Student: 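There's a structure below that I have some questions on.
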Amino acid sequence: MNLTEIQHDILKEIMNISVSKAATQLSVLLNDKIQMEVPEISFLTLSKARESMPEDEENAIIYQELTGMLSGRTYLVFQGKDSLFLAQAVLGDAFSRSNDKPQFYEHEAMMEIGNIVISACISTIANLLKDRIALSTPVYMEDSLPRILLAQSNDSDIVLLIRTTLHASRRDIPGTLVMVITSELAGSLINKLPRFFELIEKRP
Amino acid sequence: MKKILVVDDSATSRLLFRMHFPKEYPATIEEANSYDSAIARAGEIRPDIIFLDYNMPGKNGIDVARTLIGSGSSAKFILFSANLQQGVLDDAQALGFTKIIEKPITKEKIVSALKVITP
C-alpha cells in the first residue's frame with residue numbers, strides 16, 4: 001500500500017498532534033520537559049520494520065492492543081531495563097515508602113506511564129478522525145522490541161509503522177513510541193483522513 | 001466527612017491519587033481495583049464520591065457507574081482517565097458524571113473536581 005504525498009502529510013500531522021499530546025502528559029507525569037522528534041511513517045513488512053530496530057537491545061516495553069477503527073498495537077519502549085529510575089520519578093517519596101514491594105511498584109508505575117502516554121496519543125487520533133479506538137489494559141515486558149514483534153506477528157505481515165522518540169530533558173532515558181497497525185485497517189484509517197479537514201473547517 | 005471510593009486497576013494510580021489528595025479536605029478514601037470489587041465496596045461503604053478510571057480489565061469505569069446508578073447509588077461520579085475520546089466523554093456525560101479529569105492526576109485536578117461537588 002502506498003500513500004499519496006497529501007495522505008502522508010495528513011497522517012504525519014495527525015501523529016504529530018497526537019504524540020505532542022502524549023509528550024505533554026509524560027511531561028506532567030515526570031515533571032520534566034519532553035522533546036519529541038517528528039514521527040516517521042511507513043508501510044512495510046514486519047521483517048523490514050524489525051530490521052530497522054536494534055535486535056539485541058534490552059528494553060522496558062509497555063504495550064496496549066488497539067481494536068475498533070484501528071487494529072494493532074502501540075508500544076512505548078525505553079532503552080535498557082532500568083525502570084526503577086522512571087518509577088521513582090513518577091512516585092517520588094511514595095516509591096521509597098513502598099519498598100516492601102519495590103519490583104511490584106516499579107512494573108506498576110511503568111504500566112501507568114505507558115497507559116497515560118499511549119492513551120493520550122490514541123485518544124487524540126480517535127478524536128481527530130471522529131471515531132473510536134478501544135484500548136486493552138497495558139502489558140509490561142522486558143525484552144527487545146524486534147523479538148516481541150516477531151512473537152506477536154508474522155514477518156510477512158504488511159504493517160503501518162509509526163515511530164517517534166520522546167526525550168526527557170533532565171533524564172537520559174529516551175522513550176520511543178511505536179505503533180504497528182495491521183494493513184487491513186490501515187486502509188480504513190487512510191479513508192478517514194479527510195475527516196481531519198472537516199474538523200479544521202468547523203473550528204471558528 | 002465525605003466517603004470517597006477510588007476505582008482503578010493500577011496500584012500506582014491509586015497511590016498517586018492518595019499522594020495528591022488535599023490533606024485539608026475532610027474525607028476517608030477507600031480503594032477498589034476492578035468492576036467486581038468496586039460494586040462490592042460501594043455496597044459496603046455507600047460512598048459520597050466515586051473516582052473511576054475508564055480503562056480496566058473486563059468492564060470499564062463507566063460500566064461501574066451504570067451498575068451503581070441502576071442499583072440506586074446517590075454517589076457523585078468523577079471519571080479520571082488518559083483515554084478522553086469523544087465517545088468516552090459522551091458516555092460519561094450521558095450517565096451524569098459530575099466531572100471528567102484527565103490523567104495524570106495532580107492535586108489541582110482533584111481540588112477542581114471536589115470544588116464542583118462541594119463548592
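Note that this is a predicted model, so its numbers are computed, not measured. First the proteins, then the strands, lettered A, B, ... as listed; each starts at 1. The figures here come from the full heavy-atom set of this structure, side chains too, leaving out hydrogens, waters and symmetry mates.
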Student: Does Arg46(B) have more than 12 heavy atoms from other residues, nucleotides or ligands lying within 6.0 Å of its CZ?
Tutor: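 No - once you tally the heavy atoms of other residues, nucleotides and ligands closer than 6.0 Å, there are 12 at most.
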Student: Would Arg132(A) and Asp90(B) count as a salt bridge (charged side-chain N to carboxylate O under 4.0 Å, His left out) here? Give the steps.
Tutor: CA-CA 12 Å; Arg132(A) 286 185 88 143; Asp90(B) 292 344; over 6 Å; no
Student: Backbone N or O of Gln86(B) within a donor-acceptor pair of the Asn127(A) side chain at under 3.5 Å?
Tutor: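 Judged by distance alone, yes, a pair lies under 3.5 Å.
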Student: Main chain of Ala126(A), side chain of Gln85(B): is a donor-acceptor contact present, judged purely on distance under 3.5 Å?
Tutor: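 Pair absent, no side-chain N/O of Gln85(B) close to backbone of Ala126(A).
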Student: Taking Asn60(B), Asp91(B), Thr106(B), Leu89(B) one by one, which has the highest count of heavy-atom pairs under 4.5 Å against chain A?
Tutor: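 Max contact count across the listed options: Asp91(B).
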Student: Are Asn115(A) and Lys103(B) packed together at the side-chain level, in the sense that at least one heavy-atom pair is separated by less than 4.5 angstrom?
Tutor: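 A side-chain contact under 4.5 Å exists here.
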Student: Suppose a student defines contact as a heavy atom less than 4.5 Å from any heavy atom of chain A. Which residues in residues 24-38 of chain B would they list?
Tutor: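 Hits under 4.5 Å: none found.
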Student: Please name the pair of heavy atoms, one in Leu84(B) and one in Ser123(A), separated by the smallest distance, quoted to 0.1 Å.
Tutor: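 Of all heavy-atom pairs spanning Leu84(B) and Ser123(A), the closest is N-OG, 3.2 Å.
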Student: Does atom NZ (Lys12(A)) have a neighbourhood of more than 12 heavy atoms from anything else shown, all under 6.0 Å?
Tutor: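 No, not enclosed.
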Student: Do Asn55(B) side-chain atoms and Ser136(A) backbone N/O form a donor-acceptor pair below 3.5 Å?
Tutor: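 Yes, Asn55(B) side chain to Ser136(A) backbone: donor-acceptor pair under 3.5 Å.
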Student: Are Met111(A) and Thr12(B) packed together at the side-chain level, in the sense that at least one heavy-atom pair is separated by less than 4.5 angstrom?
Tutor: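 Sidechains of Thr12(B) and Met111(A): no contact.
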Student: With a sphere of 6.0 Å drawn around CD of Glu44(B), does it hold more than 12 non-hydrogen atoms of other residues, nucleotides or ligands?
Tutor: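 Enclosed: over 12 neighbouring heavy atoms sit under 6.0 Å from CD of Glu44(B).
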